[in-house]
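Every chain is numbered from 1 and lettered A, B, ... according to where its sequence line falls, protein lines coming before strand lines.
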Amino acid sequence: MTPDLFSGLSDQPTVEAFDEGVVVLRRQAVKHQQALMRDIEKVTRQAPFRHMKTPGGHQMSAAMTCCGPLGWVTDETGYRYQPQDPLSGLLWPAMPESFLSLARTAAQEAGFPGFDPDACLINRYQPGAKMGLHQDKDEKDFAWPIVSVSLGLPIVFQFGGLKRSDRPARILLEHGDVVVWGGPARLRYHGVLTLKAGEHPVTGSARYNLTFRKAG
DNA sequence: AAGTATCC
DNA sequence: ACAT
């Protein structure tokens with residue numbers, strides 16, 4: 001019997017190679033948690049969290065917003081990146097410096113120097129929220145990695161293969177953990193299981209996820 | 001199919 | 001499996 005949950009052992013920052021092109025940076029964002037939370041609040045004052053609709057007509061259980069030059073949106077017509085927030089018609093809020101420096105540093109530490117993201121999705125998971133297995137494939141080219149930052153309540157991340165039918169590994173993601181995937185792993189399916197209720201000293205009853213991409 | 005429902 |  002082998003363990004089926006890849007989880008951090010320590011509260012100290014560590015770098016763990018998971019698979020080719022996949023690195024888990026444990027607790028990497030903890031030292032910036034105050035700035036990150038302040039900047040999430042700042043972004044969401046301009047571009048509030050909302051539950052987007054998928055092309056199939058269903059609502060996503062995670063509330064989302066974006067910052068940076070491009071934002072990811074979904075509606076009945078499909079998925080795309082666009083410069084404007086469809087809710088306001090205005091440009092997405094600027095990407096906070098705290099976000100950018102974390103994303104660049106994490107990418108570099110994971111072996112992807114020179115990462116310059118132009119899009120950051122901010123997802124808010126409340127108890128019951130989840131996200132099914134999917135690929136990030138709406139970006140123009142796949143040369144750059146995805147950088148995913150977890151804040152607040154823990155959740156089980158599913159990291160699959162290049163085919164939906166590949167059985168996903170389970171990785172417990174906790175506050176401050178950063179996952180970076182690129183190269184041969186760039187199009188691997190991923191998602192999260194349902195968030196369980198809990199209380200976190202920094203985020204309360206929620207988990208926030210910042211996902212950085214080079215979309216355009 | 002970034003969604004839900006149903007069956008084995 | 002299924003629909004938009």
Original post:
Can you tell if the side chain of A/F212 reaches within under 4.5 Å of the side chain of A/R104, non-hydrogen atoms only?
Top reply: no
Original post:
A/H51 has an atom NE2; how far is it from atom P of B/dT4, in whole Å?
Top reply: 12 Å
Original post:
Which of these nucleotides, B/dT4, B/dA2, C/dT4, is closest to any side-chain atom of A/H58?
Top reply: B/dT4
Subject >> Salt bridge present between A/R26 and A/E174 (N-O < 4.0 angstrom) >> reply: no
Subject >> A/F49 and A/Y208, any side-chain heavy atoms less than 4.5 Å apart >> reply: yes
Original post:
Are side-chain heavy atoms of A/M60 and A/N123 found at a separation under 4.5 Å?
Top reply: no
**OP:** Could you check if a side-chain atom of A/W92 sits within less than 4.5 angstrom of a side-chain atom of A/L70, using non-hydrogen atoms only?
**Re:** no
Original post:
Quick one: does A/Y79's side chain get under 4.5 Å of A/W72's, heavy atoms only?
Top reply: yes
Subject >> A/K53 side chain near B/dA1 phosphate (N/O to OP1/OP2, under 4.0 Å) >> reply: no
Original post:
What is the ring orientation for A/W181 with A/F157, classed by angle as parallel under 30°, tilted 30 to 60°, or perpendicular over 60°?
Top reply: tilted
**OP:** Step by step, work out the side-chain contact (heavy atoms from CB on, under 4.5 Å) result for A/Y125 and A/L153.
**Re:** CA-CA 9 Å; A/Y125 294 84; A/L153 292 176; over 6 Å; no
**OP:** Provide, to the nearest angstrom, the distance between the CE atom belonging to A/M64 and the C1' atom belonging to B/dA2.
**Re:** 7 Å
Original post:
If pairs are Watson-Crick or G-U with both distances under 3.5 Å, what is the dot-bracket string of DNA chain B, marking crossing pairs with [ ] and pairs to another strand with |?
Top reply: ..||....
**OP:** To the nearest Å, give me how far apart CD (A/E139) and P (B/dA2) are.
**Re:** 13 Å
Original post:
With centres under 5.5 Å and planes under 30°, do A/H134 and B/dA2 count as stacked?
Top reply: yes
**OP:** Can you tell me the distance, in whole Å, between the CD atom of A/Q135 and the P atom of B/dA2?
**Re:** 8 Å
Subject >> Side-chain heavy-atom pair A/L90, A/Q46 within 4.5 angstrom cut-off >> reply: no
**OP:** Determine the sole option in A/Q28, A/H175, A/R207 for which the side-chain hydrogen bond (donor to acceptor under 3.5 Å, both in side chains) test with A/S150 is passed.
**Re:** A/R207
Original post:
A/H190 NE2 to B/dA1 C1': how many Å, rounded?
Top reply: 14 Å
**OP:** Check whether any side-chain N or O of A/R164 sits under 4.0 Å from OP1 or OP2 of B/dG3, and answer yes or no.
**Re:** no
**OP:** For the pair A/T44 (side chain) and A/E41 (backbone), establish whether a donor and an acceptor sit closer than 3.5 Å, ignoring hydrogens and angles.
**Re:** yes
Subject >> Among A/D116, A/D118, A/D141, A/D136, salt bridge (charged side-chain N to carboxylate O under 4.0 Å, His left out) partner for A/R213 >> reply: A/D136
**OP:** Identify, residue by residue, the members of residues 205-216 of chain A with a heavy atom below 4.0 Å from DNA chain B, and return them in order of residue number, or none.
**Re:** A/R213
Original post:
What is the distance, rounded to the nearest whole Å, between atom CG of A/L187 and atom C1' of B/dA2?
Top reply: 15 Å
Original post:
Taking CE from A/M52 and C1' from C/dT4, how many angstroms apart are they, rounded to a whole number?
Top reply: 18 Å
**OP:** Would you mind reading off the distance between A/K137 atom NZ and B/dA2 atom P, rounded to a whole angstrom?
**Re:** 7 Å
Subject >> Euclidean distance for C1', B/dT6 against B/dA1 (whole angstrom) >> reply: 16 Å
Original post:
When all nucleic acid strands are considered with a 4.0 Å heavy-atom cut-off, which category describes A/G132: base, sugar-phosphate, or nothing?
Top reply: sugar-phosphate
Original post:
Using a heavy-atom distance cut-off of less than 4.0 Å, which residues of residues 70-91 of chain A contact DNA chain B?
Top reply: A/W72, A/Y79
